[in-house]
Amino acid sequence: MSNITGWAGKILRVNLTDGTFKAEDTLKYKDFVGGMGIGYKVMWDEVPAGTKAFDPENKIIFGAGPLTGTGAVCAGRTNITSLLASNPYNAVSDSHMGGHFSAEMKYAGWDAIIIEGKSPKPVWLKIENDKVSLEDARYLWGKGIFLTTAFVAGKMPKGAQVAAIGQAGENMVNLSVIMNNGSHSAGGHGGVMGSKNIKAIGIRGTLPVHIAADRRDWLEVDKEMMAVIGANNNHVVPSTPQPWAEYNAARSRWTATDGLTWGAANPPVNTGTCDPHDLNSVGLRTQKAVFDHGAVAEQYTVRMGGCHACPIRCHSTLHIPKLEKYGLSPNVSNTCVGYSSPGGIMIQGHSKEGEEGEGTMMSKAVGAQLADDYGVWCNYSQIGRDFKYAHESGILKKVLPQEEYDSIPWDLLEKGDPEFLVDFYRRITFKEGELSRLGEGAYWVAKAWNFGDDYWNSSSYNMWSKLGFPKHHSNETAAQVGSLINSMFNRDAQCHTHVNLTGSGLPIEIQKAVIGEVIGSPDALDAPNSYTPMNEYKAKFAKWSIIRNCLHDSLTLCNWMWPMTVSPLKERNYRGNTSLESQYFSMATGIPTTEAELDLMGERIFTLHRALTVKQMGTVDMRNEHDPICEWVYTINPDMQPFTPGTQKMDREDMQLAFTMFYKEMGWDEKTGAPTKATLIRLGLRDVAAELEKLGLLPN
Amino acid sequence: MSQDEKKGLLEKTSTRREFLKIGCKSIAGAAVSMTVLGFLGYSNAADVTGFPLSTGLLISDASRCTGCRRCETICTMFNDGKTDPYIARVKVGRNYNFGRDNITAAYRTNDGVFGNFMVAADTCKQCKEPACAAACPVGAIEAQEKTGTRVVNESKCVGCGACAAACPWAVITVDGETKKSKKCVLCYQCVKNCPTGSLKLIPWQEVKAAVRRHA
């Protein structure tokens, strides 16, 4: 029996160029926790600055963490780290997927898989515990993700989990995904696998994950976790009045109510009142189909689905017989943007045929299945907005050859016929014609097609950064806090720490009190659309949000649920428990770790991300080269001034102050926003400091 | 259903595959009046000799199972102090992607998340005549005195795997680390923690049409 607990203890290194494998010791990365942290460390140590995403010198790291597979609640995430082709600098990024892949990786005895080089021919990686091989994938090349998964799983023992790319990844479409379990996709890195000629990874594991703690202690913490957990996005207030609930909030994802069912289950399952003390209805709290599609979807809902060891089921699985009309399976599953982004491509609206909302649901369902099989990513729905801008501005007509333009089924688009998506996704996936440039991502499309300032500067297109990514819970979420968070990554921010609180459904007074206890002052949070100028607690809130996000992607826990800032329980005064991550970590690994100590690890991981960005961009001037926000944030509601109720408008000088205060909280240079030598050393990143110094990339 | 018909059916359902065929296709229809325990061999309690009946058994209502697999993790954390789905007494993961059967060209409409989303837990049936106990060369599988629950006496178990090979439901597994056989002891933890109430511990007298597609 292994002495290592929490972690599996080994990392698998696969060299595709020469077809060799190596098992390495996980514990050399223990200061980086796992997942995202391991990914950044490997990228820092091994991938030289200037490498492009599809170069053989790039690497791709699939990471689990010390909590993955332990059964800790919501610990089913897989973190994937690599260079991101859609980013103008091909800067480092993470893509994440839920599902069951990373848990299986742990059960096979691996904490991470580092894939390097390039295979001379298409292969898939087969892992059965410590038995590892590269298998011929020539016959899989050209196939979609669903069939690829079936083929790979068919060559493995039952219970195997498969991560695969579709044709989009093979064709190195910048916006392409890696997917497992049919609807859990990691956006942006599919092409990296394609460039390396690796089609899929199949894993079957039959080994245990050990914990250091006594099982009774572990189950006690589990109990506490299950007491404070809410619904999807940790919304803790139901969307409709319930007998047990003091509050309700219309946009809450706690949609369950008596009479609302999984209508296509046999027999239909009533979601019910879901008293928060009832452990047997936690998975019924979120009826996500009606949240994503409206009431029309209830009758098509087979059930909810989701990730390994997560009691919150946030994917809806639908049986819609009409899907067969489009040559698709009647069965489709996804959640949130997985559905809404194909809906957004239908820029002339949706068919009005059938019941209310049916046309929209059909677009979303058809598109979700096509995108999931081809493996196309949406850049957080930006692909539809790019298409919209290019079309409405007349640019598309100019840049597309006449013949190609005429071949696009515009009549289907105008009718709102989802058949349009069949044509659209095929062009993107197979890089057919100029239109397929939309698959390169916003930065590259805007550059090639010469998008005007109105694209960047109008709030209609949601662009957050000139680096080509859109807003994702930004200024509309806690003002400067969401804005800071959105500027810190190399793609759309995937942080939900802040929005889970503001979306929790609790009255703002309670939210402010809670965050005051966590951060130090209720001034960290403003009421929606009623903003106040920047203060240091907002900087602390942004920092806390991001470092918890980084921790979650390293442990790995789901940041769509964690941290447990609030709870649905009145008797707890709606207080959650923000020490649960450190409790689980300590019990799993046997390394006693306080909440503050674990947060420091998150800070280390996030600072390493910043250092990687500085290195790849070749500048310390993050403030001006990396972090700026598109103009619309400062110019929306022209008749209103910032800090007046009713607007989400930000103030330029105040935002510069916000960056300064945030950099200060992080211990980064307040002028440039680059990590200082002292901070890097404080975080145990002496080697990083030394290399940046050599490259002249430390701030003065 | 007459006694003869019942007997005929039970003879036919002697294998797991046959059970599933009948269990899947007809339990919700023609056979709805017959108890699930009947399908499991508990057709006539008076006939029982040797092993006393278990007072209950664990079932999974497939229409409610969302495949979170918390039953597997909690089962092994509670019983083994580690997380190990391979030895869990409830097995969901192996059916998750493509259902219980082999993958076929019809995988997009068969069971599993790549098909019709039907994911079901395999559970121990506490069989009337437990094949696991019959196969055990050292008599390590015993009926608990009060409940009749079939349990592994670990002090006798030699980890040979004969029970696992004999189990028609393939829900018994030998722990690779302790070399002891792991089977369901009806500890109730999976039921208590099932987030959608799919898993239920059902007293055998009350089992009627509660299981609609799979037991």
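Please read all numbers here as calculations on a predicted model, not as lab measurements. Scope of the values below: all heavy atoms of this structure, side chains included, with no hydrogens, waters or symmetry mates. A, B, ... follow the sequence lines: proteins, then strands. Residue 1 opens every chain.
Remark: side-chain polar atoms of B/Tyr107 are paired, donor with acceptor, to backbone N or O of A/Leu147 under 3.5 angstrom. Although no hydrogens or angles enter the test, the distance criterion places no donor-acceptor pair under 3.5 Å between the side chain of B/Lys82 and the main chain of A/Arg215. Side-chain atoms of A/Asn280 come within 3.5 Å of backbone atoms of B/Val191 as a donor-acceptor pair (strictly under, hydrogens ignored).
Of the atoms belonging to B/Thr83, heavy atoms from both backbone and side chain fall under 4.5 Å from chain A. With a threshold of 4.5 angstrom between heavy atoms, A/Leu318 approaches chain B through N, CA, C or O but not through any side-chain atom. At a 4.5 Å heavy-atom cutoff, the contact between B/Asn97 and chain A is made by side-chain atoms alone. Only the side chain of A/Pro330 comes within contact range of chain B, judged by heavy atoms closer than 4.5 Å. Of the atoms belonging to A/Arg204, it is side-chain heavy atoms, and not backbone ones, that fall under 4.5 Å from chain B. Only the backbone of B/Lys192 comes within contact range of chain A, with heavy atoms under 4.5 Å apart. If you measure heavy-atom distances from A/Ala160 to chain B, the contacts under 4.5 Å come from the backbone alone. Heavy atoms closer than 4.5 Å to chain B are found in both the backbone and the side chain of A/Leu284. Heavy atoms of B/Cys71 lying under 4.5 Å from chain A are absent altogether. Contact of A/Glu324 with chain B is not made at all, since no heavy-atom distance falls under 4.5 Å.
One distance of note links CG of A/Asn266 with CE of B/Met118; it measures 7.5 Å at 0.5 Å rounding. Distance CZ/B/Phe117 to OG/A/Ser183: 7.5 Å, rounded to 0.5 Å. Atom NE2 of residue A/His100 and atom SG of residue B/Cys68 lie 8.0 Å apart, to the nearest 0.5 angstrom. Atom NE2 in A/His308 sits 6.0 Å away from atom CD in B/Glu72 (nearest 0.5 Å). Remark: A/Thr317 OG1 to B/Asn116 CG distance equals 9.5 Å, nearest 0.5 Å.
Within the 4.5 Å cutoff, the side chain of B/Thr196 has no heavy atoms near those of the A/Arg303 side chain. At least one side-chain heavy atom of B/Ser63 sits under 4.5 Å from a side-chain heavy atom of A/Val269. Using a 4.5 Å heavy-atom cutoff, the side chains of A/Lys158 and B/Lys91 are not in contact. Looking only at side-chain heavy atoms (C-beta outward), A/Leu207 and B/Tyr86 stay at 4.5 Å or farther from each other. At a threshold of 4.5 Å between non-hydrogen side-chain atoms, the residues A/Phe151 and B/Ile103 do not count as touching.
Side-chain contact, A/His210 with B/Glu177: a donor N or O sits under 3.5 Å from an acceptor N or O. Between the side chains of B/Thr66 and A/Arg313, at least one donor N or O lies within less than 3.5 Å of an accepting N or O.
Top candidate by heavy-atom pairs under 4.5 Å with chain B, chosen from A/Pro311, A/Gly182, A/Gly71, is A/Pro311. The greatest number of non-hydrogen atom pairs below 4.5 Å with chain A, out of B/Ala105, B/Gly112, B/Gly115, is found for B/Gly115. Taking A/Gly305, A/Ala213, A/Ser281 one by one and counting their heavy-atom pairs under 4.5 Å with chain B, the maximum is reached by A/Ser281. The candidate with the highest count of non-hydrogen atom pairs below 4.5 Å against chain A, out of B/Leu199, B/Val119, B/Asn193, B/Asp80, is B/Asp80. Your options are A/Ala150, A/Gly154, A/Ser333, A/Pro157, and the one with the most heavy-atom pairs under 4.5 Å with chain B is A/Ala150.
A side chain to side chain contact (heavy atoms under 4.5 Å, CB included) with A/Pro208 holds for exactly one of B/Asp84, B/Asp175, B/Ile87; it is B/Asp84.
The nearest pair of heavy atoms linking A/Gly306 to B/Tyr96 is O-OH, 3.4 Å. Between B/Arg69 and A/Gln161, the shortest heavy-atom contact is NH1-NE2, 3.8 Å.
Classified by interplanar angle (parallel below 30°, tilted 30° to 60°, perpendicular above 60°), the ring pair A/Phe146/B/Phe114 is perpendicular.
Electrostatic pairing of A/Asp222 and B/Arg70 counts as a salt bridge here, judged by a charged N lying under 4.0 Å from a carboxylate O.
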